[in-house]
Number of protein chains: 2
Amino acid sequence: MATPRTDPLTVEVVELIGTVVARYYAEYEQAAAKHSLTGAQARVLSLLTLEPTPMRRIAQKLKCEPSNVTGIIDRLEARGLVERRPDPNDRRVKLAAPTEDGRVTARRLRESLDFAREPLAELSDEERTVLRDLLKRMLGKEAPVAAR
Amino acid sequence: MATPRTDPLTVEVVELIGTVVARYYAEYEQAAAKHSLTGAQARVLSLLTLEPTPMRRIAQKLKCEPSNVTGIIDRLEARGLVERRPDPNDRRVKLAAPTEDGRVTARRLRESLDFAREPLAELSDEERTVLRDLLKRMLGKEAPVAAR
DNA sequence: TATTGTTATACTCTATAACTATA
DNA sequence: TATAGTTATAGAGTATAACAATA
């Protein structure tokens, strides 16, 4: 417990996480490219399938400046994957929403990503449960210490 | 076992991994920015501290085209963090190597990243061991199934 | 001929600042 | 006056294609 920083075990785990991050990231970009999308475009399109979203909100999700979102949505809109709608409650706001075409692309993208999830196939259900709880704890989601 | 794809547990773990990836990536960029480096520059500089590296090899490590490396090294060189050296064995090759300044910056960057490792402090030694072995299995490194 | 690194070009993402239309 | 979205601008990373030097 205490303050683990540079002990060999921690260093090893950190390196493994780094490897997972690099692989996951690369495969995400690759899956996006397969659908002629950039990583940012793919992330936004996926986000929009949850619900029509104000430009400002998209920027917050992407952790970038709102001005960047204009261009990303422009390009998705030019390809007919997304459309801008007025917000009935506030005429300053524009809601970005996927078109039918956009939904299809987003679904295919999601399926491509299943392929990126292959590594989990190596683990049994029990192991996945343990992994889930450890990751939750790491992320401060306070999963119970004992298996549930 | 079999072919786990869309069962709730797998989906949950995939989402958690996605969260870890996003957080790790964001904190890496942030740590790099703290030293006025972009993510790509930080990755290259870190790489070079292992050994002087041909431009071509850097491109392979970064999974990008060699032409891009020229610019990244240009900018690191302009800041005095990296230098280009001839390769004694092949006069076509240029080896990129960190300057003393570059080594100092790389070390500080590494220390900043320790901060990004904080989440692991939530776990005990035993839990870190379990996590290590699960990650290894995921990455196809074939760690023993039983704890070692 | 093949390979290494570079240059030139074009596109995307990024932050900053200034602008507009609403609120 | 404050906020949402946009435009304008500049810097960085990216891929492609063409090039010079060397193998």
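Just the heavy atoms: all of them, side chains too, but no hydrogens, waters or symmetry mates, feed the values below. Numbers restart at 1 for each chain; the letters A, B, ... are given by sequence-line order, proteins then strands.
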Visitor: Can you tell me if B:Lys94 touches the phosphate of D:dA21, counting only side-chain N or O atoms and a distance under 4.0 Å to OP1 or OP2?
Guide: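 Checking D:dA21 against B:Lys94, no side-chain N or O comes under 4.0 Å of OP1 or OP2.
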Visitor: Kindly say whether A:Glu122 contributes a backbone atom to a donor-acceptor pair with the side chain of B:Arg137 at under 3.5 angstrom?
Guide: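 Side chain of B:Arg137 to backbone of A:Glu122: a pair is present.
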Visitor: Which of the following nucleotides, D:dA4, D:dT14, C:dG5, is nearest to the side chain of B:Leu62?
Guide: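 That would be D:dT14.
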Visitor: Verify the contact: side-chain N or O of A:Lys63 to OP1 or OP2 of C:dT14, cut-off strictly under 4.0 Å; return yes or no.
Guide: no
Visitor: Of the nucleotides D:dT14, D:dG5, C:dT6, which has the atom closest to the B:Ile72 side chain?
Guide: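 Among the listed nucleotides, the one closest to the side chain of B:Ile72 is D:dT14.
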Visitor: Can a donor-acceptor pair under 3.5 Å be found between the side-chain atoms of A:Ser67 and the base atoms of C:dT16?
Guide: yes
Visitor: Pick out the pairs of N or O atoms, protein on one side and nucleotides 18-23 of chain C on the other, that lie under 3.5 Å.
Guide:
{"unit_1": "C:dA23", "atom_1": "OP1", "unit_2": "A:Arg91", "atom_2": "N", "d": "3.0"}

Visitor: Any side-chain N or O of B:Arg85 less than 4.0 Å from the OP1 or OP2 oxygen of C:dG5?
Guide: no
Visitor: Would you classify B:Arg57 as touching base, sugar-phosphate or nothing, given that sugar-phosphate means primed atoms plus P, OP1 and OP2, and contacts are heavy atoms under 4.0 Å?
Guide: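 Counting heavy atoms under 4.0 Å across all strands, no contact is made by B:Arg57.
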Visitor: From the list C:dT16, C:dG5, D:dA15, which nucleotide is the closest neighbour of the side chain of B:Met55?
Guide: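 Closest of the options to the side chain of B:Met55: C:dG5.
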Visitor: Indicate, with a heavy-atom threshold strictly under 4.0 Å, whether A:Arg43 touches base, sugar-phosphate, or nothing.
Guide: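 Answer is nothing: A:Arg43 stays at 4.0 Å or more from every strand.
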Visitor: Kindly point out which of C:dA15, C:dG5, D:dA12 is positioned nearest to the side chain of A:Cys64?
Guide: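 So the nucleotide nearest the side chain must be C:dA15.
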Visitor: Applying a 4.0 Å non-hydrogen cut-off, can you work out what B:Thr38 is touching in the nucleic acid: base, sugar-phosphate, or nothing?
Guide: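 Sugar-phosphate, no base atom in range.
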Visitor: Counting just side-chain N and O atoms, does A:Arg75 come under 4.0 Å of either OP1 or OP2 of C:dC13?
Guide: yes
